[in-house]
Undergrad: 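Attaching a single structure in structure tokens format; questions to follow.
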Amino acid sequence: MAGTGVASIGECMLELSGQTGPNWRMGFAGDTFNTLWALHALSTERPATYVSAFGDDPFSQAQIDFLGQNGIGIGSSPIIAGARPGLYAITLTGAERSFTYWRGDAAARQLASDPVALSKNLVNQALVYFSGITLAILDEAARAVLLAAVAKARSAGSLVAFDPNYRPRLWRNREDAQAAIVEALAATDIALPTFPDEQMLFGDATPQATAERLRQLVSEVVVKNGEQPALIAQGETLREVPAIHVVAPADTTGAGDSFNGGYLAARLAGHDPQEAARRAHRVAAAVVQVRGALAPFETLRAAFEG
Ligand SMILES: O=C(O)C(=O)C[C@H](O)[C@H](O)CO
């Protein structure tokens, strides 16, 4: 591995969670940030950088402060004059979440506006992580800048991990999403898809079909499937790792992202894919028991260690 740090690229939003009467709780979350949060909690010795673009309003500043207070830097990410962060609210049906977004003009859409700064953020990273949401918030030119920066980091020795995380509403059409995600997978070492997303986007009939399709493109594939087993495809082998049944989940937001953070932390620490998936399932099971996408660091660590 080339470097020592961990970098995650994407959009962190303001998050409204809680949904108890008129009182919402505001936090900060976004898929790639949620993953970095868990990864950082579980690999504190590695410098963590959230690669994005930020506004210059008080909410953006609060976001940057929150990251800093928790040991996560923003490297050379641009601060855009006049821009603001995106916002999303979590609606719960039981514990199952759905999201309402206000993010069309968020600062993060400009995360590739300075290609030199973007590449600089990816220097000396053991791991570079991004997602289909990162791709979806960028226009075609910015997406090309992003993929070039990721490819450069990879050729310098960084491990690249990617979660396709398909959000239909963020894409112009399904074909655009398919093309961009396949292009990203070509620059990926560890793919962390979720079966229902892949079924929606590519029509896969089973998690096995997802694993078989993706193993043609990526050497290590972990197909998540909620409370069903995760399926790991590495080389010729295909293995199932059972998930954990949570009796009383509170909010499923961030479960898959936190699984990814746990899995990647374990892989960076030298655990094999099966042990990494076991730890990742425990981390995800802890996250669904709290409201919002982020669980406290101590909760994540206790789950990871089992
Ligand atoms: O949906 C998004 O774009 C988000 O990043 C919000 C949530 O935190 C994320 O989806 C949880 O996986």
Side-chain angles (χ1 to χ4, degrees), residues 8-19 24-41 50-54 63 66-67 70 72 85-93 95-109 111 129-138 143 146 161-171 177 180-181 184 192-198 200-201 222-227 230 249-264 280-281 283-295 300:
S8 181
I9 315 167
E11 176 176 13
C12 181
M13 293 174 278
L14 309 178
E15 177 193 76
L16 297 180
S17 67
Q19 198 196 15
W24 290 81
R25 175 181 154 269
M26 196 195 81
F28 304 101
D31 71 329
T32 48
F33 176 65
N34 308 339
T35 295
L36 185 65
W37 175 266
L39 178 54
H40 173 59
Y50 194 60
V51 180
S52 188
F54 298 89
Q63 197 174 49
F66 175 75
L67 267 64
N70 287 289
I72 299 173
L87 166 76
Y88 81 107
I90 301 171
T91 300
L92 294 173
T93 309
E96 202 44 58
R97 89 287 192 272
S98 62
F99 305 134
T100 306
Y101 300 112
W102 296 263
R103 69 192 304 185
D105 61 352
R109 297 197 171 225
L111 67 80
Y129 177 80
F130 68 120
S131 78
I133 296 180
T134 315
L135 300 175
I137 60 168
L138 302 177
R143 231 178 265 155
L146 169 74
F162 174 72
D163 182 343
N165 224 357
Y166 179 46
R167 296 282 183 277
R169 259 176 303 166
L170 294 179
W171 292 95
I181 286 171
L192 295 154
T194 299
F195 172 63
D197 286 359
E198 300 299 301
M200 208 183 345
L201 182 57
V222 185
V223 184
K224 294 163 284 172
N225 192 14
E227 284 207 340
D251 176 351
T252 55
T253 305
D257 307 330
S258 310
F259 177 101
N260 295 352
Y263 185 85
L264 294 170
H281 277 313
V283 169
V287 170
V288 302
Q289 295 178 64
V290 301
R291 293 283 180 109
L294 307 182
L300 297 170

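In each ligand, atom 1 is the first atom listed, and ligand 1 is the first ligand listed.
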Undergrad: Tell me whether the rings of F99 and Y101 are parallel (<30°), tilted (30 to 60°) or perpendicular (>60°).
TA: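 If you compare the ring of F99 with that of Y101, the planes turn out tilted.
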Undergrad: Run the ring-centre check on W37 versus F28 and record whether the distance is less than 6.0 Å.
TA: no
Undergrad: For D257, what residues pass the salt bridge (charged side-chain N to carboxylate O under 4.0 Å, His left out) criterion, not counting sequence neighbours?
TA: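 Expected list: none.
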Undergrad: Using distance alone, with no hydrogens and no angle criterion, decide if Y166 and T194 have a side-chain donor and acceptor under 3.5 Å apart.
TA: no
Undergrad: For the residue pair F259 and H281, categorise the inter-ring angle as parallel (less than 30°), tilted (30 to 60°) or perpendicular (more than 60°).
TA: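 Perpendicular: the ring planes of F259 and H281 meet at over 60°.
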Undergrad: State which residue, out of M13, Q63, R103, fulfils the side chain to side chain contact (heavy atoms under 4.5 Å, CB included) condition with P85.
TA: Q63
Undergrad: Taking only heavy atoms of the protein into account, state which residues are under 4.0 angstrom from an atom of ligand 1, in chain and number order.
TA: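 Residues within 4.0 Å of ligand 1: M13, G30, D31, N34, Y88, F99, Y101, R103, I133, R167, G254, D257.
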